[in-house]
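Read through the structure below, which is laid out as structure tokens, and then see the notes.
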Amino acid sequence: MAVPGDEIAFLDEVHAALARMLDTAAYRVETGAMVAGDRYTAEVLGRMLKSHLKELREEPEAPPYFGALHLMDGERHRIGRRRVADAQGTPLVLDWRAPVSRAFYQARASDPQGVRVRRRYGWSGLTLTGYEDEPLTDGRSLSRLVTEEIERPRVGPMRDIVATIQPDQDDLVRAGLGDSVCVQGAPGTGKTAVGLHRAAYLLYAHRRQLERTGVLVLGPSRVFLDYVSAVLPALGEVRVEQRTLPGLLDLEITGTDPPEAAAVKHDVRMAGVLERALWSRIAAPAAPLTVLDGSYRWRIPVFVIERLVAGIRAEGPRYGVGRERLRARIVALMQRQAERRGETPGYAWQQRTSRAAPVRELLDQVWPRITPAELVAELLSDPVDTDLSDAERAAIRWPRRRSARAARWTEADTLLIDEAAGLIDALPGFGHIIVDEAQDLSPMQCRAIARRSTHGSLTVLGDLAQGTTPWAATSWRAQLGHLGRPDAPVTPLTAGFRVPAAVLAVANRLLGPLGVDVPPARSVRADGVVRFLPGASVHDTALAALDHEGSVAVIAASVDGLSLPSSPRLTALPAALAKGLEFDHVIVVEPTEIVDAEPRGLNRLYVVLTRAVSRLDVIHSRPLPAALEEASRQAPQ
């Protein structure tokens with residue numbers, strides 16, 4: 001449909017308003033310090049104004065709005081990625097997260113929510129090319145513009161889905177801040193995008209609270225985080241930490257574990273092993289405590305100290321907190337003795353007494369100080385806990401005793417150190433954490449995340465069928481228990497908007513052999529091409545793929561030695577790094593080698609096959625896995 005003049009005039013008005021917003025933000029930065037009442041206020045105001053200006057200046061190039069609501073009461077609202085207002089402050093474009101905007105995603109024939117017309121706009125870059133007035137239905141049929149947006153070629157980082165969010169996705173995005181949710185998302189259902197949009201929504205709806213406590217996105221790898229890094233800035237949110245779990249734990253990793261040792265260290269039993277090792281350091285006092293204070297001598301008998309220790313242990317504090325409680329209660333007892341002698345000990349006396357050498361020596365003997373790294377170094381130098389078998393103790397035992405400073409820490413060791421740190425003191429947390437590819441987390445990794453969300457909430461994203469680590473979860477209920485949210489609801493997403501039906505028909509054949517209880521994905525797209533090419537040249541197949549628009553990936557168990565054409569649109573990727581990524585055309589090389597390369601190789605193959613959003617080629621010389629044999633006979637060659 002041609003763009004009428006009133007739509008062109010409105011677009012010009014929006015562009016003018018955006019330019020005015022940028023100029024106003026720059027002016028406020030220049031004059032903000034002059035209107036502040038004091039230095040502190042000027043600093044806070046300046047930081048806020050500069051942040052707003054930075055957001056506007058770094059706004060990604062994208063259409064200012066993608067839809068409109070024509071309501072039954074005559075009102076009209078354009079919906080975009082951020083709010084745009086005219087000179088009087090009247091909104092021209094509503095933020096997609098605003099309450100009014102929800103009807104854009106949720107209105108249907110059986111529940112129109114006051115909507116008369118839902119309009120979607122078509123764009124070519126920043127040029128408005130047309131619009132479509134979409135009928136409200138109760139089915140899953142997609143409008144032409146939504147279909148075109150979903151099927152648009154993928155080049156570069158992940159895009160937002162703000163223009164194409166579906167009702168079940170919108171329900172998850174707008175769940176309350178206090179609600180932890182788990183999304184079992186089949187390939188192509190947009191679970192990662194849902195999680196990122198949920199972060200943006202929560203920051204909009206609960207900005208003041210989350211500015212204090214923060215939002216964290218945890219991804220499985222730096223490659224994955226680089227791929228999704230553009231989504232939140234495109235939605236106007238730049239104050240979200242995006243980390244891998246090793247990056248969050250922030251300990252230099254200089255060693256590697258053999259598989260047997262890594263499996264033990266990731267096991268949830270290690271939490272109990274560490275806890276017992278830490279609390280076993282508590283000892284009975286060797287002698288009464290005596291402290292000289294001028295001409296006085298304060299004395300606390302052994303049985304009283306033992307009673308204090310037992311009382312504190314019964315309160316269940318963290319180890320470091322317990323040590324300080326013991327110190328405080330010893331000082332309090334001596335203070336009472338001083339008061340009975342007519343003294344009036346004040347704060348200075350309390351501080352001096354708490355630091356007295358006899359008090360320090362007693363604490364070091366009865367409740368000794370220790371760092372998390374020291375505790376783990378002691379444990380790994382001589383693991384003795386009987387909860388582990390002889391073979392398990394041998395697997396994690398260091399060849400020789402080392403100090404914490406001399407240790408060559410592994411990635412799994414960081415989990416043990418973090419567990420120990422949480423036993424000794426409270427760790428800083430986040431108001432909300434989005435955890436992607438959560439099915440691949442070990443119990444000890446889950447516990448590290450749970451420690452950082454004690455007073456916050458979680459959005460847990462994953463697919464049990466895509467579990468590829470040795471400790472990958474087979475049940476969401478157990479995994480949510482390790483994450484500290486055993487009662488969080490699990491919501492399945494099965495409508496595939498990214499992966500076409502032809503590709504899913506092949507990938508879904510693997511679900512039976514995988515033995516996981518997940519609903520199969522079904523695609524809303526009838527397009528897509530799958531070809532099995534026995535004995536074909538990888539180089540020539542990749543060269544032919546580049547004749548099509550979009551991104552191309554060659555994925556194999558190892559890409560070393562592959563001869564490929566040179567193109568910025570072509571990526572050669574080992575199967576182990578494919579998770580979470582997507583490409584228009586995927587060329588899978590030797591599926592059987594992918595399966596044989598690791599214990600969960602069939603899960604890895606399922607991941608690899610579902611990276612294709614338009615075309616999938618499977619090149620093989622070796623026999624195919626049994627689950628793909630029938631598919632290869634039915635597919636075009």
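What's counted below: heavy atoms across the whole structure, side chains too, no hydrogens, waters or symmetry copies.
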Is there a side-chain contact between [X] and [Y], using heavy atoms and a 4.5 Å cut-off?
X      : Y      : result
Leu216 : Leu248 : yes
Ile424 : Arg318 : no
Leu172 : Leu493 : yes
Leu232 : Gln242 : yes
Leu427 : Thr454 : no
Leu363 : Arg323 : yes
Val100 : Ile79  : no
Gln106 : Asp171 : yes

Within 6.0 Å of [atom1] in [X], more than 12 heavy atoms from elsewhere:
X      : atom1 : answer
Arg408 : CZ    : no
Glu411 : CD    : no
Glu252 : CD    : no
Arg269 : CZ    : yes
Asp387 : CG    : yes

Is it true that a side-chain atom of [X] and a backbone atom of [Y] form a donor plus acceptor pair closer than 3.5 Å?
X      : Y      : result
Glu237 : Val231 : no
Arg118 : Phe104 : yes
Arg600 : Thr469 : yes
Ser453 : Leu458 : no
Thr610 : Tyr606 : yes
Trp279 : Leu274 : no
His482 : Cys446 : no
Arg485 : Thr459 : no
Thr494 : Ala521 : no
Gln466 : Glu437 : no

[X] and [Y]: which non-hydrogen atoms are nearest, and at how many Å?
X      : Y      : result
Ala438 : Val460 : CB-CG1, 3.4 Å
Pro187 : Arg611 : CB-NH2, 4.4 Å
Arg97  : Arg81  : NH2-O, 4.4 Å
Val14  : Pro64  : CG1-CB, 3.7 Å
Phe497 : Gln166 : CZ-CG, 3.2 Å
Val499 : Ser523 : O-OG, 2.8 Å

- Item | Salt bridge flag under 4.0 Å for residues Glu211 and Arg208 |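 Salt bridge flag = no for Arg208 with Glu211.
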Between [X] and [Y], is any side-chain donor less than 3.5 angstrom from a side-chain acceptor?
X      : Y      : result
Gln169 : Tyr105 : no
Gln439 : Asp463 : no
Asp226 : Ser229 : no
Asn603 : Thr468 : no

Interatomic spacing from [atom1] in [X] to [atom2] in [Y] - rounded to 0.5 Å:
X      : Y      : atom1 : atom2 : result
Gln479 : Leu441 : CD    : CG    : 6.0 Å
Trp409 : Asp257 : CH2   : CG    : 11.0 Å
Arg174 : Asp179 : CZ    : CG    : 14.5 Å
Phe430 : Glu241 : CZ    : CD    : 4.0 Å
Leu415 : Ser442 : CG    : OG    : 5.5 Å
Ser221 : Leu245 : OG    : CG    : 12.5 Å

- Message: Is there a side-chain hydrogen bond (donor to acceptor under 3.5 Å, both in side chains) between Gln351 and Ser354? Walk through the geometry before answering.
- Response: CA-CA 5 Å; Gln351 292 296 104; Ser354 70; 4.5 Å; no
- Is the gap between the ring centers of Trp96 and Tyr65 under 6.0 Å?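 Ring centroids of Trp96 and Tyr65 are no less than 6.0 Å from each other.
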- Item | Test log, rule side-chain contact (heavy atoms from CB on, under 4.5 Å), inputs Arg76 and Leu71 | CA-CA 6 Å; Arg76 293 189 178 189; Leu71 304 182; over 6 Å; no
- CA sep, side-chain torsions, deciding dist, call: Leu464, Trp476, side-chain contact (heavy atoms from CB on, under 4.5 Å): CA-CA 8 Å; Leu464 296 178; Trp476 279 124; 3.5 Å; yes
- Applying the side chain to side chain donor-acceptor pair (under 3.5 Å) test to Asp418, which of Gln445, Arg447, Arg452 qualifies?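 Checked Gln445, Arg447, Arg452 against Asp418; only one passes side chain to side chain donor-acceptor pair (under 3.5 Å): Arg452.
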- Message: Run the side-chain contact (heavy atoms from CB on, under 4.5 Å) test on Leu94 and Arg78 for me, step by step, so that the C-alpha distance in whole Å, both residues' side-chain angles and the decisive distance to 0.1 Å come before the verdict.
- Response: CA-CA 6 Å; Leu94 296 180; Arg78 264 77 169 192; over 6 Å; no
- Message: Between Arg325 and Arg327, is the side-chain contact (heavy atoms from CB on, under 4.5 Å) condition met? List the steps.
- Response: CA-CA 5 Å; Arg325 284 185 188 176; Arg327 183 198 303 272; over 6 Å; no
